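Structure first, commentary second.
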Amino acid sequence: MASENLNEELASERTKNFLEEIIEEDIKSGKHGGRVLTRFPPEPNGYLHIGHAKSICLNFGLAQRYGGKTNLRFDDTNPEKEDVEYVNSIKEDIRWLGFQWAGEYYASDYFEQLYEWAEVLIKKGLAYVDDQTQEEIRINRGTVNQPGKPSPWRNRSVDENLDLFRRMRAGEFGDGERVLRAKIDMAHPNMLMRDPIMYRIIHAEHHRTGSKWCIYPMYDYAHGQSDSIEKITHSICTLEFDVHRVLYEWFIEKLEIFPSRQYEFARLNLSYTVMSKRKLLELVREKIVMGWDDPRMPTICGLRRRGYTPESIRYFADKVGVAKRDNVIDLSLLEFCLREDLNKRAERRMAVLSPLRVLITNYPEGQVEELDAINNPEDDAAGTRSVPFSREIYIEQDDFMENPPKKFFRLAPGQEVRLRYAYFIRCNEVIKDEQGNIIQLNCTYDPASRGGNSPDGRKVQGTIHWVSAQHAIKADVRLFDRLFSKPDPNDVPEGVDWKSTINSDSLRVVEAYIEPSLKNVKPLDKFQFERLGYFSVDYDSTSQKLVFNRTVTLKDTWAKIAGK
RNA sequence: UGUCCUGUGGUGUAAUUGGCAACACAUCUGACUCUGGAUCAGAAGAGUCCAGGUUCGACCCCUGGCAGGACAACCA
């Protein structure tokens, strides 16, 4: 299938990004014997989102391109926030995206090694136990403009530090009573170098190590060493860790361990989308969305439920590029990538979302014809199906106008249209209720136009979709719109809740009539409903009640014209 | 006001110092079409944050500004 080639095509066509250049230079110079090993290091404290997808595609993609491998490593150094629920979802999402990790590791696997290295640092006089309170530590760290003040405990003897640190591990102290700090420079211009905390005391159950430990390493004391233990050659992270790199290197240097190197790239931002875990969690907790996998969420599981394909996301990740400057990608690029893929793979069906009854007065009562319809004009192998046609059908309300403007190519009084794969019909009579609402159209068909072509060769401008009234199945269709009304949802005046930018009309459910061939669909099946968009079967769908999610609309030129 | 990172069409991403700047999305035309879809063809849109400097020549190098972002959690 063509969409399988989406990614390879692109990667070979485009120019190299800065990371590819670095890696190629490293390979050329023989660094690490030409070996490439990357890692994807999520903290299991939330669900993965499209921003993580960029990072995943980058890390795995780079390794694949240069004959290397990628580890999955959970950065689980904070027992209070992490949970197996998250590790499972993360693994599922990575696999779904189409990647397989070489090794599955956990920072918690390295706790013993990390502990031993901490003792090494203490013995070298490079780490000390600090008894200051959290508050004191914060104040004495100084500010970006003022140097910090050394802790009164900064010059304890090696023996005392060792003793205290061992007793910390042994559980002799309560939470927050003491910490282990690296002894670097309290006046360092980089705040992170002002004797950063290496270990804190947390008497909490860890999702993997249980109650074995009551001291836990901080990110800076765990990440680089974990990379080093795994012999990661290129440790790729986002820009905000740039300032951490000097510390990353300090620990590796002082410990004299494998020199992994860190490189930073700009994280993905998407218009009309929030990406912070905190905010996504808020949307879930406050039930503004149905859950982490709500189809309006930018989470991988949300996109999956919405109907996105892994291919489209990988294609997108490739198209957004990799650089070091802050960026905001148009949501329309993501949608473009989606349509590009779905257009080639999704079978077409007919469905009517806002039905208008049409009676074909000259069609024999009781007659039913089975008409051939092409499943996918982009893919001959998809074949054809038959669609029942009868005297009473539904068409889309939008496809009829009593007083049409000049360029309206659809149905109107006296005007003729083609019913896709069926017949030409002409509207003769408009029936309204007491309120004046149009409730039915009486039309006549041209029997000679069966299949959609008329023998006299006359042209009909418009082709509309339809569904046979007596054969149609009812289904719920969830019409999603963007969750936020502003391109940058975070851009609110001070004091105003960011959630004020939420689009209150981001979900509309309609009862639709769909063609009978859709009877046995399963969750995640994807179709193009002709002229409407791409739709995917929701998890809530049952054989009694089918539920479709609108993944994305088709490009709608008419809407654009009509909007003017 | 300290350190670090970054400044190229609306949005992204390119351009061994030497062709006043390329590609994609978005936008606008037109062709074609049994999806106003897809496809195809074309247009408009930046003179590369600013100012100096080096050079025959700078998006690219140097200096100085300016702007945006990150960093002062016992989070990652």
Side-chain angles (χ1 to χ4, degrees), chain A residues 10 13-17 41-43 45-46 75-78 80-82 107 130 133-134 137-139 141-148 175-181 188-194 197-202 215-216 218-220 222-223 237-246 264 266 271 277 319-330 332-337 339-340 343-344 348 350 373-374 377-378 407-410 417-422 424 449 451-453 460-465 487 528-533 553-562:
Chain A
L10 208 89
E13 278 172 14
R14 62 161 170 68
T15 49
K16 291 184 210 17
N17 63 50
E43 181 188 13
N45 71 340
D75 230 328
D76 56 351
T77 57
N78 186 351
E80 294 179 309
K81 292 185 175 175
E82 296 148 6
D130 193 346
T133 64
Q134 189 164 340
I137 288 176
R138 189 175 57 76
I139 291 167
R141 184 152 31 221
T143 70
V144 290
N145 298 313
Q146 298 153 202
D175 287 2
E177 275 182 37
R178 280 172 231 262
V179 292
L180 182 72
R181 291 233 251 172
H188 198 106
N190 182 337
M191 299 288 294
L192 285 161
M193 297 297 274
R194 321 246 262 225
I197 291 167
M198 295 165 58
Y199 274 93
R200 73 288 213 194
I201 299 171
I202 305 174
I215 56 172
Y216 290 92
M218 298 286 290
Y219 166 85
D220 284 308
H223 200 96
C237 61
T238 45
L239 249 33
E240 64 270 29
F241 291 98
D242 187 306
V243 280
H244 293 249
R245 191 176 59 244
V246 54
E264 310 83 20
S271 59
K277 279 187 191 175
K319 294 215 81 163
V320 297
V322 182
K324 297 193 73 163
R325 68 184 95 124
D326 294 325
N327 61 82
V328 181
I329 309 289
D330 276 353
S332 60
L333 180 62
L334 214 210
E335 296 180 339
F336 164 82
C337 293
R339 292 191 186 103
E340 191 84 343
N343 175 48
K344 296 196 173 67
R348 318 281 125 128
M350 289 196 285
I374 293 166
E378 302 290 322
K407 294 193 118 182
F408 188 76
F409 300 152
R410 284 113 96 145
V417 281
R418 172 170 30 238
L419 294 176
R420 177 135 238 225
Y421 299 124
F424 290 1
S449 64
N453 295 300
V460 173
Q461 277 274 36
T463 299
I464 63 175
H465 59 277
Q528 182 196 103
F529 289 168
E530 295 216 28
R531 303 207 305 134
L532 296 174
T553 59
L554 247 27
K555 275 204 236 163
D556 190 347
T557 312
W558 169 246
K560 216 174 268 172
I561 297 167

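From a predicted model like this one, the values you see are computed outputs, not experimental measurements. By convention in this document, chain letters (A, B, ...) are assigned in the order of the sequence lines, proteins followed by strands, and residues within each chain are numbered from 1.
Residues passing the side-chain hydrogen bond (donor to acceptor under 3.5 Å, both in side chains) test with Thr238(A), sequence neighbours excluded: Glu240(A). Every side-chain hydrogen bond (donor to acceptor under 3.5 Å, both in side chains) that Thr463(A) has, sequence neighbours left out, goes to Arg418(A). In this structure, Glu335(A) has no side-chain hydrogen bond (donor to acceptor under 3.5 Å, both in side chains) partners at least two apart in sequence or on a different chain. Under the ring-ring contact (aromatic ring centres under 6.0 Å, His included) criterion, Tyr421(A) pairs with no residue at all, not counting sequence neighbours. Under the ring-ring contact (aromatic ring centres under 6.0 Å, His included) criterion, His223(A) pairs with Tyr219(A), sequence neighbours left out. Partners of Asn17(A) under the side chain to side chain contact (heavy atoms under 4.5 Å, CB included) rule, at least two apart in sequence or in another chain, are Arg14(A), Leu19(A), Glu20(A), Val322(A). Here Asp130(A) pairs with Arg181(A) under the salt bridge (Lys or Arg N to Asp or Glu O under 4.0 Å) rule; sequence neighbours left out. Judged as a salt bridge (Lys or Arg N to Asp or Glu O under 4.0 Å), and not counting sequence neighbours, the contacts of Arg138(A) are Glu135(A). In terms of the side-chain hydrogen bond (donor to acceptor under 3.5 Å, both in side chains) criterion, residue partners of Arg178(A) (sequence neighbours excluded) are, by chain and number, Asp131(A).
Taking the O4'-C1'-N9-C4 or O4'-C1'-N1-C2 dihedral as appropriate, G53(B) has a value more than 90° from 0 and is therefore anti.
With RNA chain B read from its 5' end, the first of the two nearest nucleotides for Val328(A) and Arg245(A) is the one closest to Arg245(A).
Shown here, C66(B) forms a base pair with G7(B); the pair counts as Watson-Crick or G-U wobble because both key distances fall under 3.5 Å.
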Scan nucleotides 46-48 of chain B against the protein and return all N/O pairs shorter than 3.5 Å with their distances rounded to 0.1 Å.
none

Could you go through nucleotides 66-68 of chain B and list every protein N or O atom that sits under 3.5 Å from one of its N or O atoms, giving the distance for each pair?
none

In B/S/- notation (B base, S sugar-phosphate only, - none; protein heavy atoms under 4.0 Å), nucleotides 70-76 of chain B written 5' to 3' is S-BSBSB
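Side-chain to base pairing of Arg418(A) with U35(B): no donor and acceptor N or O lie closer than 3.5 Å to each other. Below the 3.5 angstrom threshold, one finds no donor paired with an acceptor across the side chain of Arg531(A) and the base of G36(B).
Outside the 6.0 Å centre-distance limit, the rings of Trp558(A) and Phe409(A) are not counted as a close aromatic pair.
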